[in-house]
Amino acid sequence: MVQKANSEDAFQQNILVIGLGLIGGSFAAALKSANVGYRIYGYDQNADALSQALQLDIIDEGCQSLADAVHKADVIVLSVPMLAMKPIFQALSVFDLSKKVLTDVGSSKRALIEAANAVFGEVPANLVPGHPIAGSEQSGVGAARSELFVAHDVILLPLQNTDPEALNIVSTLWEAAGAVVSQMDIDHHDEVLAKTSHLPHFLAFSLVDTMAGNPDNYEIFRFAAGGFRDFTRIAGSDPVMWHDVALGNSHAVLEALDEFAEGLDALRNAIVEKDSQALLNIFGRARLARRHFGTLLESRQRRVKKAGADFSARIIQKIDNDRLATANRLATANKVVDGMSTNTPEESMQTFIAHAGGTLSGEFRVPGDKSISHRSIMLGALGEGETVIEGFLEGEDALATLKAFRDMGVQIDGPHQGRVTIQGVGMHGLKAPKGPLYLGNAGTAMRLMAGLMSAQSFYSVLTGDESLSGRPMNRVVDPLTEMGAEIETSEGGRPPLKIRGGLSLKGIEYHLPMASAQVQSCLLLAGMYAGGDTVTVAPGIVRDHTNRMLSGFGYPVDVAGDNGSQVTISGGGKLTGTRIDVPGDVSSAAFFMVAASIAKGSDIRISHVGMNPTRSGVVEILQLMGANITLENESIVGGEPVADIVVRYAPLQGIEIPKRLVPIAIDEFPVLFVAAACADGQTTLTGAKELRVKESDRIQAMADGLIALGVDAQPLPDGMVIKGAGTNTQSVFGSGIIDSHGDHRIAMSFSVAALRSGGDIQIRDCANVATSFPDFAGLAKRVGMRINVIDGVNDDALPADA
Ligand code: S3P
């Protein structure tokens with residue numbers, strides 16, 4: 001039904017934007033800049049807006065009458081306040097719209113649908129409701145920017161009768177504007193948006209209004225610091241637009257306000273009652289959720305960066321050339337300052353500037369073990385009674401697991417200085433989460449939880465950030481399916497995992513195709529719920545924390561075979577709450593072991609590190625290379641061997657890494673490659689194909705970085721050959737810029753390399769270091785490394801030869 005209406009050029013599409021404010025103006029500007037055969041018409045009752053849009057060159061033609069405008073248009077974009085929708089529909093209804101596509105940009109849809117029903121008797125099939133998730137507290141066409149939507153989400157909300165061709169046309173328009181298009185159900189959209197967007201705006205308006213009405217308002221605003229400013233930025237938004245949102249989406253907005261008021265009441269009561277525990281719980285839970293959410297924002301920014309890079313380069317350049325000159329001439333043009341959208345994606349990233357040189361000294365601890373921290377939450381949640389964890393890793397990965405179990409109704413207090421208290425709900429006490437469980441960057445959480453979720457009585461969805469969404473999950477989905485689970489994945493067995501639940505699992509005997517503790521652990525956790533025995537056989541040594549911890553929680557497992565590679569569990573048992581002391585993570589300690597081994601004069605003691613023999617391959621490899629590492633104060637804490645690791649500088653030699661050590665040092669190879677580059681002679685690693693499917697392709701990421709810094713490194717399909725520069729070469733690495741690919745261990749490894757570099761190394765995309773090692777840079781600095789962390793990228797700090 002949708003045909004080209006009026007174009008003289010058969011390939012030209014005529015787009016009419018009705019309402020030239022920030023959003024309408026920006027959409028017009030984006031389509032015009034895209035330069036792909038659109039002719040952009042504008043219509044606005046405000047003559048100034050129309051002439052400004054022409055002067056700014058964001059429309060091709062301004063229409064004086066609605067009749068003229070509609071006549072010319074193939075697609076009509078309605079960008080007017082929500083409650084103006086009905087009068088606009090009434091005005092439009094006198095024209096023949098049957099060959100045109102209509103769409104809108106409003107932030108809630110109930111009012112749009114009601115207006116369409118009232119005027120047309122139904123929602124026309126050629127009306128495609130849309131909502132771009134981008135904006136600014138600025139308003140008016142002077143604030144319009146053609147790059148506003150680049151790599152931002154746009155939600156289209158087709159109804160059952162929506163014409164697919166119309167949907168396709170609108171979708172193409174948004175893609176031409178650089179947006180990432182997705183679809184959603186209208187009611188759900190309005191509920192979600194009431195919470196993520198509308199509620200915060202109303203709170204900001206209300207806070208500013210209330211404080212401005214306080215007799216002390218001058219003092220309040222005068223002394224207001226960053227918190228007040230950040231919280232209230234959006235109170236500068238367009239009152240008419242938000243008036244319409246409040247009334248247009250009143251049902252969902254009232255629900256959100258009530259929910260918020262309940263939370264506020266609980267906080268108020270806790271203060272009245274002087275209930276410190278309740279206050280700490282509220283603030284602690286919120287802080288964690290905010291950090292967790294922050295990770296989601298960061299990972300979204302990374303996606304935005306990738307999706308938007310090409311587009312921005314092409315379009316923004318054009319805007320700069322074509323439009324800024326015009327814009328500058330306009331005295332009325334506003335200066336756009338948009339806290340969210342003027343930040344380029346790079347600015348939201350974290351960069352490490354690792355300055356050359358340094359010597360390490362001192363005694364210190366590293367954060368708690370990641371593998372044990374994940375498992376302690378999972379087993380504690382399913383245990384009967386209380387579990388108290390000390391030394392819990394407050395890194396984003398482990399916190400994602402904690403949050404997921406909270407989302408399934410488990411009461412978890414903390415972490416407060418590494419202490420977490422869990423009120424276990426028993427094997428069958430988890431509750432269905434209200435939405436997908438977002439696990440950030442945490443592969444361990446996703447793979448282990450796939451096993452647990454398969455055995456629950458409810459449906460669940462496990463999602464993750466961009467990196468995790470690219471990692472293979474078939475390695476757990478296949479055997480779980482054999483056990484009777486039903487799991488839907490995305491293409492190629494990637495997340496999200498949609499897990500049916502409510503099915504009975506049966507024990508199987510499974511020979512793992514790869515030496516993976518995550519796969520073995522996943523099956524053991526599922527095996528607790530399965531009928532009969534689940535037998536897992538790994539083709540080598542894999543970390544055995546799951547078996548040890550299951551035993552610690554009173555659930556028997558049978559360990560047999562070479563090096564304990566066969567682990568069997570019988571279904572139907574139970575877990576009993578316990579105390580867990582999480583030792584320092586040997587994978588985090590590894591960065592300092594290598595650092596002290598390559599930086600002359602270094603002498604350090606890393607205390608209380610987990611020395612589980614299925615994890616300590618890095619110590620053995622470094623010792624084989626000649627490192628001066630000794631273990632002191634060895635003891636067993638909570639079933640896990642623990643020791644202080646003392647490292648003094650020593651010259652290193654290249655070696656062929658024994659195959660048996662590969663799975664038990666799998667996470668440490670990135671930094672071991674740095675050690676190899678400093679050693680005399682050649683180091684060869686093979687049999688480590690798994691490195692290609694970690695948080696990044698670690699073979700490629702490390703080879704690229706090492707080669708960029710001048711190291712003789714040759715990647716292999718399953719490892720790497722590195723010719724070391726040798727002990728006598730101080731500047732093993734040149735200066736340069738490294739892309740960590742958002743992989744924490746790549747970022748930290750190249751920070752260590754700077755100890756032997758000839759100039760600064762700038763490592764980009766480092767925010768994910770916080771997944772396993774919060775404040776790595778701070779600790780590294782305190783013990784003698786020279787790392788500065790900056791937000792964004794710093795071109796001024798580029799080394800001269802970069
Ligand atoms: C982990 C197992 C390893 C490791 C990961 C943590 C675990 O992965 O790389 O960082 O806690 O079970 P694989 O099992 O995939 O080798």
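Values below: every heavy atom of this structure, side chains too, minus hydrogens, waters and symmetry copies. We count ligands from 1, going down the list as the structure has it; atoms in each ligand are counted the same way.
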Q: Identify whether the distance between the nearest side-chain nitrogen and carboxylate oxygen of R365 and D585 falls below 4.0 Å.
A: no
Q. Under 6.0 Å between the ring centres of F364 and F592?
A. yes
**Q.** Heavy atom of the protein closest to atom 6 (C) of ligand 1 (residue, atom name, distance)
**A.** T444 OG1, 3.3 Å
Q | R375 and ligand 1 - part of the residue with a heavy-atom distance under 4.0 Å | A | side chain
Q: Before signing off on this row, confirm whether A517 and ligand 1 have an N or O atom pair separated by under 3.5 Å.
A: yes
Q) Under 4.0 Å from ligand 1, counting heavy atoms only, is it the side chain of H374, its backbone, both or neither? A) neither
Q: Considering only NZ, NE, NH1 and NH2 on the basic side and carboxylate oxygens on the acidic side, decide whether R579 and E390 come within less than 4.0 Å.
A: yes
(Q) Under a 4.0 angstrom heavy-atom cut-off, which atoms of ligand 1 come close to I666? (A) 9 (O)
Q) Hey, mind stepping through D533 and S570 against side-chain hydrogen bond (donor to acceptor under 3.5 Å, both in side chains) and telling me if it holds? A) CA-CA 4 Å; D533 287 354; S570 310; 2.9 Å; yes
Q: Check P583 against V609 and note the closest heavy-atom contact, atom names and distance.
A: CB-C, 4.2 Å
Q | Ion pair R745/E695, N-O distance below 4.0 Å | A | no
Q: Output yes when the distance from some N or O of ligand 1 to some N or O of D667 is under 3.5 Å, and no in every other case.
A: yes
Q: Tell me which protein heavy atom sits closest to atom 8 (O) of ligand 1, plus the residue, atom name and distance to 0.1 Å.
A: K694 NZ, 3.1 Å
Q) For S371 and ligand 1, does the shortest N/O to N/O distance drop below 3.5 Å? A) yes
